[in-house]
Enquirer: 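There's a structure below that I have some questions on.
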Amino acid sequence: MSNSALPNFETIQPHLCLNSKVRRLHKLMDAIYQQELAQFGLKGSMLSILFVIGKKPGISQRQIADYLVLDQSTISRDIKKLLGNGWISLQKSEDDPRASELSISESGLTLLEKIAPVWSKVHEKMAAHLGNYQIQALDGILESVKKFNS
């Protein structure tokens with residue numbers, strides 16, 4: 001292919017890509033939280049899933065995926081690890097035997113009781129560092145992208 005057949009890439013500036021900026025923000029924020037939470041053996045979305053199940057016993061995998069905006073492969077992988085560690089349990093729904101409900105186990109609850117103060121400390125530090133204006137901006141961006149995507 002000759003150079004004349006290539007599209008004009010001069011106007012493309014990768015450092016301005018919005019998706020790339022969000023990925024970089026995620027990596028930076030995740031590293032800050034993981035530094036403090038690594039001692040508990042949970043990574044990425046596993047902690048969020050555990051928190052959601054702890055607050056909403058009987059929730060389904062699909063509901064968690066929708067709530068946390070996770071793809072099925074991520075949530076399936078993380079649920080397997082949480083089940084394997086005995087931090088959650090899975091029961092068939094009484095209303096619909098095809099559906100499953102997730103609940104936190106005693107050991108999962110104990111883990112969350114240990115994690116919660118550490119997570120709160122990191123969260124408070126980040127919130128203080130970012131400030132209300134930037135947090136509200138993140139909330140606004142999230143809502144705007146949700147509307148764009150629906």
Side-chain angles (χ1 to χ4, degrees), residues 11-150:
T11 59
I12 295 174
Q13 298 180 24
H15 67 285
L16 298 178
C17 174
L18 298 175
N19 191 42
S20 176
K21 287 181 183 191
V22 170
R23 280 196 316 274
R24 289 192 312 262
L25 175 61
H26 169 72
K27 283 194 169 287
L28 291 169
M29 291 286 289
D30 191 52
I32 292 165
Y33 279 80
Q34 282 302 312
Q35 184 176 355
E36 298 296 326
L37 297 167
Q39 62 184 306
F40 300 104
L42 293 171
K43 294 195 178 203
S45 54
M46 289 173 66
L47 180 58
S48 296
I49 292 168
L50 195 58
F51 274 133
V52 169
I53 294 170
K55 291 191 163 280
K56 299 177 183 258
I59 192 167
S60 71
Q61 186 170 317
R62 165 58 53 205
Q63 290 169 316
I64 296 169
D66 291 345
Y67 183 74
L68 294 175
V69 191
L70 295 172
D71 60 80
Q72 279 302 313
S73 63
T74 299
I75 194 146
S76 292
R77 181 189 67 238
D78 288 351
I79 293 288
K80 280 182 188 175
K81 288 177 184 175
L82 293 169
L83 284 165
N85 284 309
W87 294 326
I88 62 172
S89 61
L90 180 79
Q91 304 82 236
K92 291 292 178 191
S93 170
E94 291 179 14
D95 299 333
D96 181 358
R98 296 170 297 168
S100 296
E101 297 175 343
L102 298 160
S103 299
I104 192 134
S105 67
E106 274 303 313
S107 62
L109 191 56
T110 301
L111 178 64
L112 281 184
E113 288 171 350
K114 291 177 186 175
I115 290 175
V118 177
W119 181 90
S120 292
K121 181 180 161 189
V122 177
H123 178 75
E124 287 169 13
K125 281 184 185 177
M126 286 307 304
H129 178 73
L130 291 173
N132 287 337
Y133 176 76
Q134 290 188 78
I135 293 169
Q136 288 172 352
L138 283 171
D139 291 340
I141 291 166
L142 181 59
E143 287 305 311
S144 182
V145 173
K146 276 185 192 176
K147 288 177 185 171
F148 180 83
N149 207 22
S150 35

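These figures come from a predicted structure and were not determined experimentally. What's counted below: heavy atoms across the whole structure, side chains too, no hydrogens, waters or symmetry copies.
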Enquirer: Using a strict cut-off of less than 4.0 Å between a Lys/Arg side-chain nitrogen and an Asp/Glu carboxylate oxygen, indicate whether K121 and E124 qualify as a salt bridge.
Expert: no
Enquirer: Okay, side chain of S76, backbone of Q72: is any donor-acceptor separation there less than 3.5 Å?
Expert: yes
Enquirer: Can you measure from CD1 (I141) to NZ (K146) and round to the nearest 0.5 angstrom?
Expert: 13.5 Å
Enquirer: Considering all heavy atoms of both residues, which atom of W87 and which atom of I104 are nearest to each other, and what is their separation?
Expert: O-CG1, 3.6 Å
Enquirer: Does anything in residues 104-117 pair up under side-chain hydrogen bond (donor to acceptor under 3.5 Å, both in side chains), and if so which pairs, sequence neighbours excluded?
Expert: S105-S107
Enquirer: For residues 51-60, which residue pairs qualify under side-chain hydrogen bond (donor to acceptor under 3.5 Å, both in side chains), counting only residues two or more places apart or in two chains?
Expert: S60-Q63
Enquirer: Return the set of residues passing ring pair (Phe, Tyr, Trp, His ring centres under 6.0 Å) with H123 (not counting sequence neighbours), or none when no residue passes.
Expert: W119
Enquirer: Nearest 0.5 Å please: distance from the CG atom of L102 over to the CD1 atom of I88.
Expert: 5.0 Å
Enquirer: Between NZ of K81 and CD1 of I49, what distance do you get to the nearest 0.5 Å?
Expert: 10.0 Å
Enquirer: Taking the side chain as every heavy atom from C-beta outward, state whether F40 and V118 have any pair of such atoms under 4.5 Å apart.
Expert: yes
Enquirer: Going by heavy atoms in the side chains, are L28 and I32 under 4.5 Å from each other?
Expert: no
Enquirer: Mind checking the NZ-NE2 spacing from K125 to H129? Nearest 0.5 Å is all I need.
Expert: 12.0 Å
Enquirer: Who passes side chain to side chain donor-acceptor pair (under 3.5 Å) against D66, sequence neighbours left out?
Expert: R62
Enquirer: When L42 is tested against each of L50, D78, L37, N85 for side chain to side chain contact (heavy atoms under 4.5 Å, CB included), which residue passes?
Expert: L50
Enquirer: I need the minimum non-hydrogen distance between S100 and L90, along with the two atoms involved.
Expert: CB-CD1, 3.4 Å
Enquirer: In Å and rounded to the nearest 0.5 Å, what is the CZ to CG distance from R77 to L82?
Expert: 11.0 Å
Enquirer: Looking at I12 and P14, what are the two nearest heavy atoms and their distance?
Expert: O-CD, 3.7 Å
Enquirer: Count the heavy atoms belonging to other residues, nucleotides or ligands that lie under 6.0 Å from CG of N132, then report whether that count exceeds 12.
Expert: no
Enquirer: Strictly by side-chain hydrogen bond (donor to acceptor under 3.5 Å, both in side chains), give each pair with a member in residues 14-27 just once, sequence neighbours left out.
Expert: S20-R24
Enquirer: Could you pull out the closest heavy-atom pair between G58 and S103, with the gap in Å?
Expert: N-OG, 3.7 Å
Enquirer: Looking at CG of L130 and CD1 of I135, how far apart are the two atoms once the value is rounded to the nearest 0.5 Å?
Expert: 5.5 Å
Enquirer: Please collect all side-chain hydrogen bond (donor to acceptor under 3.5 Å, both in side chains) contacts where either partner lies in residues 35-44, sequence neighbours excluded, each pair once.
Expert: none
Enquirer: Taking side chain as C-beta onward, heavy atoms only, is I75 less than 4.5 Å from L68?
Expert: no
Enquirer: Under the side-chain hydrogen bond (donor to acceptor under 3.5 Å, both in side chains) rule, what do S89 and Q91 come out as? Steps first, then yes or no, please.
Expert: CA-CA 7 Å; S89 61; Q91 304 82 236; 2.8 Å; yes
